[in-house]
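Quick notes on the structure that follows.
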Amino acid sequence: MKKLKLAIEGMHCASCASNVEKSLMKVNGVKSATVNLMMRKGYLEVEDKVSNEDLKKAVSKTGYKVVNIEDE
Amino acid sequence: MEHNHEQTPEEQEIISWKKKTYFAVIITLPIIFLMYQSVLFGKELLSINVTNILLLILGFPIIFVIGYDIIKSGLKGIINLYFNMDSLIALGTVIAYTTGILNFFNFIANYSGIASMIMTIFIIGKFVESKARGKASQEIRKLLELGAKKAVIIKNNKEIEIPISEVKIGDIILVKPGEKIPTDGIIIKGQSSIDESMVTGESLPVDKKIKDLVIGATINQDGVLYIKATKIGKDTFLAHIIKLVEEAQGTKVPIQKLADKITGIFVPVILVLSILTIIGWYIYNGDISLAVGAGIAVLVIACPCALGLATPIALMVGSGIGAKRGILIRKGEAIQTMREIKTIVFDKTGTVTKGKPEVTDIYTTKNIKEDYLTQIAFSLEKLSEHPIARAITEKFKNKKQRTVNNFKIIRGKGVEGKISNKNYLIGNIALMKDMKIKTIEFESIIEKYQNSGKTTMIVAEDKKIIGIIAVADTIKGDSKEAIYKLNNLGYKTIMITGDNEITAKAIAKQAGITQVIANVLPEDKAKKVEELQKENMVAFIGDGINDAPAIKQSNVGIAMGSGTDVAIEAGDIVLTKSSLMGVVESINLSKFTFSKIKQNLFWAFAYNVIAIPLAVAGLLHPAVAELAMALSSITVVTNANLLRRKKL
């Protein structure tokens with residue numbers, strides 16, 4: 001398990017954040033995802049097998065962009 | 001030096017909306033002129049066809065150039081079935097714009113001018129909202145920018161200025177008066193008073209000398225300091241605080257669950273409702289223009305933003321205000337739970353009291369010299385970390401330290417060890433009784449000390465008492481005021497301690513605490529909290545190090561300590577200043593923040609519940625609908641910003 005912090009660009013409404021959350025939760029191996037609209041951050045708990053690419057794809061599917069992934 | 005200030009994402013967003021607002025408004029003005037020429041001049045100045053063509057030409061850049069990002073994100077959302085706010089605006093404006101083309105075939109009324117107005121109002125709304133949001137996050141941003149950028153280190157007897165990221169543990173840093181201390185460290189030369197208010201909320205400067213620890217980002221006021229860096233980057237106290245405040249923004253307040261559920265399905269529901277509105281109206285009176293107008297109004301009035309922003313924006317303002325005063329809200333849930341708290345349990349040592357007991361009396365039996373007793377006490381207690389042990393070692397630090405064998409800590413009771421083949425015990429009366437040591441002839445002396453709130457440490461040599469050392473811990477300056485306020489607010493205040501009942505009661509009386517639970521071993525504090533929870537919701541306040549389990553067990557756990565002493569990971573709320581007034585302030589802050597959340601949710605729900613049916617009923621002009629929508633999210637953010645006016 002690892003904890004990740006995603007910086008996400010482009011979200012400007014509440015349903016955006018909720019969409020990103022949903023899309024991230026669908027990625028296999030993501031245990032929890034909380035997206036904060038105000039901080040433009042996503043806080044994730046994921047299994048080690050989850051690649052950054054998978055997460056970036058999940059976010060871009062909803063129309064937004066991951067600009068940074070930080071391992072905590 | 002710090003002029004090359006980089007723009008934060010917030011600032012970039014505000015600037016981008018601002019530019020869009022300017023262009024959109026400039027182009028919209030002639031559109032309004034065209035749309036309302038008959039109202040303005042009493043007659044149409046241009047033929048209808050020319051007007052319509054101009055409306056389409058002027059509207060194009062507003063919707064498809066200035067609004068490009070919104071249209072793109074909205075349509076992408078529709079294609080991928082991740083509907084968002086933009087999907088509604090994109091559909092609303094594109095449909096309205098299209099009516100301008102269809103109008104040439106006399107098929108439908110022309111809404112293309114309204115399309116431009118909707119997009120412009122949406123953009124103005126976003127601009128105002130982004131500014132208000134920037135204000136909402138100002139305290140937290142200040143916290144992020146608090147760290148020093150550069151440090152002057154001493155290398156080979158030379159002063160070298162380096163960026164903060166290049167400072168290594170062990171580097172000797174020079175800090176001149178008026179400068180920011182670059183990172184956490186220990187003073188190796190010099191003394192000064194240090195303003196720690198930005199990190200701990202404590203307004204009075206703290207005097208520090210050699211061997212004292214300093215916190216990065218605090219300000220050295222009047223002396224030259226040489227500091228050895230002990231923590232850098234992510235490990236510094238400031239970095240921990242920032243991480244904690246940031247993470248708190250990601251936590252949820254339970255009351256928002258319903259709003260979150262609604263925002264999750266909001267947009268698709270509105271899309272369906274809009275289609276139903278168009279069909280309904282068309283069937284009802286056969287007027288396609290009216291039907292489409294109502295449908296557009298439904299699309300653009302619905303706003304998940306007010307609902308979705310209501311809680312996090314208030315939490316952000318609240319935690320920002322808190323952080324400035326040394327109150328760190330770690331979990332959003334605590335704000336809500338705080339309202340139901342009836343009982344507040346305080347740990348005694350370090351929470352109600354200063355936590356730094358001092359030796360007040362020394363008693364020796366006949367034939368025992370004070371010097372001998374204190375030497376024994378010093379040698380044994382030197383090996384213990386307990387606050388009382390520290391008081392003893394501090395007091396007798398000039399004594400000779402003797403070699404101790406078989407040293408053992410008896411938790412909550414005392415210590416034992418062997419010095420020159422003699423067995424020694426130092427501890428409370430319970431320890432003496434456990435070890436079957438006769439205490440009867442000393443009980444009156446012990447009682448005398450205890451009645452005045454002093455803790456007695458009994459020293460026994462080979463199972464015979466040779467002396468007693470009395471230690472007292474006094475209450476903090478503002479404990480009394482804080483407890484008075486809490487009692488007045490109707491809380492039941494309880495103090496819990498490992499001390500005996502008499503000492504505990506003496507302290508409680510001084511502080512004004514109504515109830516005392518004494519003789520509780522550290523590991524039993526959580527159990528006591530659990531018992532109290534059977535009656536009421538309980539908040540526990542402690543230093544977070546020894547009472548972490550009790551803090552965890554309680555409904556709202558508050559960890560407090562002065563500066564870096566606090567165990568930051570322990571509480572739901574963390575106080576970085578060592579004052580019980582912080583507890584009063586956190587309770588007030590929680591209450592104010594939660595009531596803002598409730599107000600916001602009420603407005604957001606009320607707005608949607610009233611506005612959507614009006615739009616469905618065809619009673620709202622689409623541009624007015626969009627204006628109402630923009631105002632609803634601005635209201636929520638502005639209302640959250642009003643939290644700043646509250647006095648904690």
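Each chain gets a letter, A, B and so on, in the order the sequences are listed, and its residues count up from 1.
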Backbone N/O of [Y] and side chain of [X]: donor-acceptor pair under 3.5 Å:
X	Y	value
B/Asn641	B/Ala132	yes
A/Asn36	A/Lys41	no
A/Arg40	A/Leu6	no
A/Ser23	A/Ala58	yes

Using heavy-atom distances under 4.5 Å, tell me whether A/Glu9 contacts chain B through its side chain, its backbone, both, or neither.
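Nothing of A/Glu9, per the 4.5 Å heavy-atom cut-off to chain B.
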A/Ser60 versus chain B, the contacting section by heavy-atom distance below 4.5 Å:
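Only the backbone of A/Ser60 comes within 4.5 Å of chain B.
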Under a plain distance cut-off of 3.5 Å, with no hydrogens placed, do B/Asn600 and B/Asn639 share a side-chain donor-acceptor pair?
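Note: B/Asn639 and B/Asn600 side chains meet the donor-acceptor criterion.
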Whether the B/Gln249 and B/Ser319 side chains hold a donor-acceptor pair (N or O, under 3.5 Å, no angle test) is what I'd like checked.
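Result is yes, a qualifying pair exists.
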Pick one of side chain, backbone, both or neither for [X], based on which atoms fall under 4.5 Å of a heavy atom in chain A.
X	result
B/Ser73	side chain
B/Glu247	both
B/Ile140	side chain
B/Met85	both

Let's test your reading of the structure: which of B/Lys126, B/Glu246, B/Lys252 forms the most heavy-atom pairs below 4.5 Å with chain A?
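Going by pairs under 4.5 Å, I would pick B/Glu246.
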Heavy atoms only, distances under 4.5 angstrom: which of B/Ser130, B/Ser633, B/Ala306, B/Gly264 has the most pairs with chain A? Name it, please.
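Sorted descending by pairs with chain A, the first entry is B/Gly264.
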